[in-house]
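Positions are given from 1, in the same order as the sequence printed here.
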Amino acid sequence: MKRESNATHKLGRQPAGFFVALFLTLIWAGCGSSGEMVNIGAEERFAMGKALFDDGDYLEATTEFEIVKLQFPGSIVADDAQFYMGESRFNKEEYLLAVEEYRTLKRNMASSPLIPAAQYRIGLSYYNLAPRPSLDQTYTRQAIDEFQAFVEYYPLDERRADAEEKIRELNGRLAEKLYESAEQYVDLGYHRSAGVYFDLVIQQYHDSPYAELSYLGKIKSLLTRGRSGEAREEIAKLLERFPSTTLREEVEEILASLPDRQ
């Protein structure tokens with residue numbers, strides 16, 4: 001996964017090898033005096049952390065970024081260090097801790113050009129925590145909210161298309177969970193309750209694949225309850241809303257089997 005960075009400004013303009021070279025130089029220079037290492041500046045300290053980060057040593061990198069954050073809170077690399085603390089947590093799959101680091105950046109360094117990236121990464125952290133549809137979907141909803149905030153506040157960002165695609169995917173998970181609940185009620189013979197869940201899918205996730213299936217499920221549940229008139233109305237709605245539906249043949253057969261209206 002592509003790492004977000006402050007690559008468009010400050011130290012981020014340097015080539016990748018710059019951080020490694022600077023890191024090694026600092027180690028060599030510091031061998032003669034531990035005091036010199038302790039007193040290195042913010043940019044050098046960040047470069048050390050970035051070199052460790054690029055090498056996959058996220059634990060040690062976090063230590064260096066923390067030093068920048070605490071000792072040099074007003075430096076030009078303070079926001080970079082805070083962002084990379086989040087990135088280090090993210091790459092260790094500590095997603096909730098990563099969210100807190102990104103939120104700290106947003107809260108304390110609101111003018112940083114890394115804010116859009118942090119907002120996107122918050123959404124991505126919750127996205128990675130979102131489970132399969134049969135489980136609790138709290139993180140799924142949080143991911144949707146964060147991605148929607150990203151799209152709303154940064155509509156021209158290059159990551160917008162990806163955020164929107166993930167919103168559609170996550171909404172599909174929520175639709176699937178409701179649809180599965182409706183099907184469970186059908187299996188239990190509770191067709192009225194099934195109809196409630198089919199309606200929720202149709203109303204809340206009308207652009208998901210489960211909307212058409214929910215229309216069909218509702219139609220069948222209504223027929224089971226002897227409500228052929230209402231079933232006929234739902235067939236009409238389905239064909240009007242989804243004229244190219246793959247379910248057309250099946251629902252037209254159902255329609256043809258219904259008794260004539262009195």
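Within the structure, every pair that satisfies the ring pair (Phe, Tyr, Trp, His ring centres under 6.0 Å) test and touches residues 148-177, not counting sequence neighbours, is listed here: Y120-F150, F150-Y154. Every pair passing ring pair (Phe, Tyr, Trp, His ring centres under 6.0 Å) that includes a residue from residues 92-119 is listed here, sequence neighbours excluded: F83-Y102, F90-Y95. Sorted pairs that involve residues 227-255 and meet ring pair (Phe, Tyr, Trp, His ring centres under 6.0 Å), not counting sequence neighbours, are lacking altogether.
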Checklist entry - side-chain contact (heavy atoms from CB on, under 4.5 Å) between R232 and I235: does it pass, once the steps are laid out? => result CA-CA 5 Å; R232 189 188 300 274; I235 290 173; 5.5 Å; no
Next on the checklist: For R103 and E146: C-alpha separation, side-chain torsions, deciding distance, then whether salt bridge (charged side-chain N to carboxylate O under 4.0 Å, His left out) applies.
Outcome noted: CA-CA 11 Å; R103 290 197 191 283; E146 297 298 342; 3.0 Å; yes
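For Q137, the side-chain contact (heavy atoms from CB on, under 4.5 Å) partners are P131, T140, R141, R173, L174, K177, not counting sequence neighbours. For the side-chain contact (heavy atoms from CB on, under 4.5 Å) test, no residue two or more places apart in sequence or in another chain qualifies with P209. By the side-chain contact (heavy atoms from CB on, under 4.5 Å) test, K237 is found to be paired with Y215, E234, residues two or more places apart in sequence or in another chain being considered. With sequence neighbours excluded, no residue forms a salt bridge (Lys or Arg N to Asp or Glu O under 4.0 Å) with E66. Residues passing the side-chain hydrogen bond (donor to acceptor under 3.5 Å, both in side chains) test with Q148: none are found, sequence neighbours excluded. Not a single side-chain contact (heavy atoms from CB on, under 4.5 Å) links L156 to another residue, sequence neighbours left out. Legend: residues meeting salt bridge (Lys or Arg N to Asp or Glu O under 4.0 Å) with E93, ordered by chain and number and at least two apart, are absent.
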What donor-acceptor contacts under 3.5 angstrom involve side-chain atoms of residues 251-259, with partners at least two apart or in another chain?
unit_1 : atom_1 : unit_2 : atom_2 : d
E252   : OE2    : R248   : NH1    : 3.0
S257   : OG     : I254   : O      : 2.6

Output side-chain donor-acceptor pairs under 3.5 Å for residues 186-207, partner residues at least two apart or in another chain, one line each.
unit_1 : atom_1 : unit_2 : atom_2 : d
D199   : OD1    : K218   : NZ     : 2.7
D199   : OD2    : K218   : NZ     : 3.4

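One distance of note links NZ of K220 with OG1 of T224; it measures 9.5 Å at 0.5 Å rounding. Atom-to-atom distance recorded for L97:CG and S88:OG is 11.5 Å, nearest 0.5 angstrom. Interatomic distance, L247 CG to L239 CG, rounded to the nearest 0.5 Å: 9.5 Å. To the nearest 0.5 Å, atom CG of residue D79 and atom CD1 of residue I115 are 8.0 Å apart. Here CD1 of I67 is found 4.0 Å from CZ of R45. Values are rounded to the nearest 0.5 Å. The CZ atom of R168 sits 12.0 Å away from atom CZ of F147, with the distance rounded to the nearest 0.5 Å.
Minimum interatomic distance between T104 and K69 (heavy atoms only, all atoms of both residues): CG2-NZ, 4.3 Å. In terms of heavy-atom proximity, A149 sits nearest to Q119 at CB-NE2, 4.0 Å. When all heavy atoms are compared, the tightest approach of T138 to D136 is OG1-OD2, 2.6 Å. Nearest approach of F72 to G41, heavy atoms of both residues: CZ-C, 4.0 Å. Nearest heavy-atom pair across L105 and A118 is CD2-CB, 3.8 Å. Across all non-hydrogen atoms, the minimal contact from A78 to V68 is CA-CG1, 4.3 Å.
Judged by distance alone, with hydrogens and angles left aside, the side-chain atoms of E101 form no donor-acceptor pair with the main-chain N or O of Q82 at under 3.5 Å. With R160 contributing its side chain and P155 its backbone, the two residues share a donor-acceptor pair below 3.5 Å.
Residues L135 and L170 do not share a hydrophobic cluster, clusters being chains of Ile/Leu/Val/Met/Phe/Trp/Tyr side chains in contact below 4.5 Å. Clustering ILVMFWY residues whenever any of their side-chain heavy atoms sit less than 4.5 angstrom apart, transitively, puts I167 in the very cluster that holds Y139.
Side chains of I40 and M48 form a contact here, defined as non-hydrogen atoms less than 4.5 Å apart. At a threshold of 4.5 Å between non-hydrogen side-chain atoms, the residues S208 and E176 do not count as touching. Taking the side chain as every heavy atom from C-beta outward, L178 and Y210 never approach each other to under 4.5 Å. Side-chain atoms of L114 and M109, non-hydrogen and from C-beta on, never get closer than 4.5 Å to each other.
One finds no salt bridge joining E233 and R227 here, because no Lys/Arg side-chain nitrogen approaches an Asp/Glu carboxylate oxygen to under 4.0 Å.
Annotation: cation-pi geometry satisfied between K166 and Y127 (NZ/CZ under 6.0 angstrom from ring centroid, within 45° of ring axis).
More than 12 heavy atoms of other residues, nucleotides or ligands lie within 6.0 Å of CZ in R107, so this atom counts as buried by the packing criterion.
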